[in-house]
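Below is one structure, written out as structure tokens; the observations come after it.
Counting from 1, the numbers follow the sequence of the chain as shown.
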Amino acid sequence: EGQQQSISCDALQQVDINRSLAQKNRILMPESGTSRWQGPYRMLRTRLMQRMRANNWRVLGVSAAGEGEGKTLTALNLAISIAAEVGQEAVLLELDLRRPSMCKRLGIPLGNITSVVDYLTNDKTTVEELLFSPGIERLGCICSAEPLERSSDLLASPRGQMLFKELRKKLLPRTVIVVDLPPLLSTDDALVVAPMIDAMLFVVAEGKTPRHDLLEAQHILEEINVIGTVLNKSVEKDPKKYY
């Protein structure tokens with residue numbers, strides 16, 4: 001009975017996205033063909049999923065030390081890559097509430113979705129209302145609309161904790177939830193959410209992240225279960241060394 005009530009991503013309401021804009025924004029759309037980014041993301045997905053399954057983990061946070069490291073694009077493309085695996089589903093959860101950008105990157109008008117902030121501020125909003133399909137097989141999304149300053153207070157609230165409990169309970173057991181979190185050094189949001197996720201993927205941009213920021217982030221990450229680090233924007237050309 002519980003299995004029958006589980007939410008499948010392919011049964012979600014579909015929201016139209018601007019697919020050509022998404023491709024311009026380097027999002028791995030299924031129709032992109034063989035983009036040179038697909039190989040590295042598949043490799044990242046495979047390595048992550050092996051560890052997630054071995055530990056029975058379902059919720060993966062993605063963060064970085066500061067802004068402009070590419071953690072949102074990494075979260076987006078990773079979720080798409082996970083959903084591309086037959087028999088696997090993924091839900092992308094946008095919790096970078098101070099600087100939400102998913103709708104803009106996907107070309108979704110803000111009025112076409114129910115924002116995660118609506119759920120956090122209104123007891124009557126349900127998880128089912130938040131979830132939508134962007135028209136990519138086996139992928140679900142929950143996005144944020146307008147920027148929100150007091151985001152950590154809302155995420156730490158009972159409604160913030162309820163969001164994760166509801167998603168774990170209502171989504172199919174095989175569904176992996178990829179959470180786009182704010183940068184670690186910009187706000188305490190990632191620390192607030194850390195107890196609600198199973199593992200954290202840390203994104204570092206080559207030539208972008210200052211050493212002192214990395215050391216400060218490393219200190220914060222000591223309290224969090226880090227599944228791995230991705231070297232983004234790398235100038236490395238050796239196809240055997242994606243990261």
Side-chain angles (χ1 to χ4, degrees), residues 6-50 52-53 57-62 70-96 100-116 119 126-145 163 166-168 170-181 197 201 203 230 232 242:
S6 294
I7 301 169
S8 168
C9 292
D10 288 338
L12 297 173
Q13 59 168 340
Q14 190 165 322
V15 171
D16 289 333
I17 65 174
N18 185 330
R19 300 179 86 90
S20 60
L21 175 65
Q23 282 184 280
K24 280 180 191 166
N25 287 330
R26 292 175 295 155
I27 295 167
L28 293 176
M29 304 302 291
E31 61 268 26
S32 303
T34 52
S35 156
R36 68 192 180 101
W37 308 114
Q38 280 181 335
Y41 275 108
R42 280 198 195 113
M43 175 77 79
L44 176 62
R45 170 199 71 192
T46 301
R47 293 176 68 177
L48 284 172
M49 288 304 295
Q50 283 173 347
M52 296 284 285
R53 286 172 181 142
W57 292 336
R58 293 184 63 199
V59 184
L60 176 71
V62 181
K71 53 102 187 156
T72 297
L73 185 64
T74 299
L76 255 165
N77 282 338
L78 178 58
I80 291 170
S81 293
I82 291 171
E85 197 175 293
V86 177
Q88 179 65 56
E89 297 201 356
V91 165
L92 180 66
L93 170 57
E94 180 175 36
L95 287 187
D96 191 348
S101 64
M102 294 283 189
C103 284
K104 187 176 177 184
R105 288 167 192 255
L106 292 167
I108 301 172
L110 295 183
N112 290 13
I113 63 152
T114 301
S115 171
V116 69
Y119 180 91
T126 65
V127 159
E128 286 84 351
E129 290 173 78
L130 297 182
L131 282 158
F132 68 88
S133 164
I136 298 172
E137 208 173 354
R138 296 184 294 274
L139 180 69
C141 291
I142 295 175
C143 289
S144 183
L163 174 63
E166 290 277 283
L167 288 172
R168 285 180 188 268
K170 294 190 173 181
L171 292 169
L172 290 167
R174 65 173 179 265
T175 307
V176 168
I177 302 159
V178 179
V179 188
D180 178 37
L181 292 166
I197 65 175
L201 181 67
V203 179
V230 174
N232 198 26
Y242 286 127

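Nearest heavy atoms, Pro173 versus Ser6: CD-OG, 4.5 Å. Closest approach of Ser144 to Cys103, counting heavy atoms only: O-SG, 4.0 Å. Nearest heavy atoms, Asn25 versus Lys104: ND2-O, 4.2 Å. Listed here is the closest heavy atom pair of Leu106 and Ile17: O-CB, 3.2 Å. Scanning both residues, Leu28 and Ser81, for their nearest heavy atoms gives CD1-OG, 4.2 Å. Of all non-hydrogen atoms in Phe132 and Ile113, the two that sit nearest each other are CE2-CG2, 3.7 Å.
No option in Leu93, Leu48, Ile177 other than Leu48 meets the side-chain contact (heavy atoms from CB on, under 4.5 Å) test with Leu60. Looking at Val176, Ile82, Val59 one by one, the single match for side-chain contact (heavy atoms from CB on, under 4.5 Å) with Met52 turns out to be Val176.
The closest donor-acceptor contact from the side chain of Arg138 to the backbone of Asp10 lies at 3.5 Å or more, if one exists at all. Checked by atom type and distance alone, the side chain of Glu89 pairs as donor or acceptor with a backbone atom of Cys9 at under 3.5 Å. Judged purely by atom type and a 3.5 angstrom limit, Asp180 has no side-chain atom pairing as donor or acceptor with the backbone of Ser101.
The structure places CD1 of Ile80 at 13.0 Å from CD of Glu137, a figure rounded to the nearest 0.5 Å. Within the model, atoms CG of Leu95 and CD1 of Ile197 stand 10.0 Å from one another, a figure rounded to the nearest 0.5 Å. Going from atom CG of Leu130 over to atom OG of Ser115 covers 8.0 Å, rounded to the nearest 0.5 Å. The CE atom of Met49 sits 6.0 Å away from the CD atom of Glu85 when rounded to the nearest 0.5 Å. The CG atom of Leu131 lies 5.5 Å from the CG atom of Leu12; values are rounded to the nearest 0.5 Å. Atom CG of residue Leu78 and atom CG of residue Leu92 lie 9.0 Å apart, to the nearest 0.5 angstrom.
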Does the side chain to side chain contact (heavy atoms under 4.5 Å, CB included) test come out yes or no for Leu73 and Arg105, once each step is laid out? CA-CA 9 Å; Leu73 185 64; Arg105 288 167 192 255; 3.9 Å; yes
Evaluate the criterion side chain to side chain contact (heavy atoms under 4.5 Å, CB included) for residue pair Ile27 and Asn77; output intermediate values, then yes/no. CA-CA 6 Å; Ile27 295 167; Asn77 282 338; 3.9 Å; yes
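The closest side-chain heavy-atom distance from Leu167 to Arg58 is not below 4.5 Å. Residues Ile142 and Met102 have side chains not in contact (no heavy-atom distance under 4.5 Å, counting atoms from C-beta outward).
In summary, the side chains of Gln88 and Arg53 do present a donor paired with an acceptor at a separation below 3.5 Å, with no hydrogens or angles considered.
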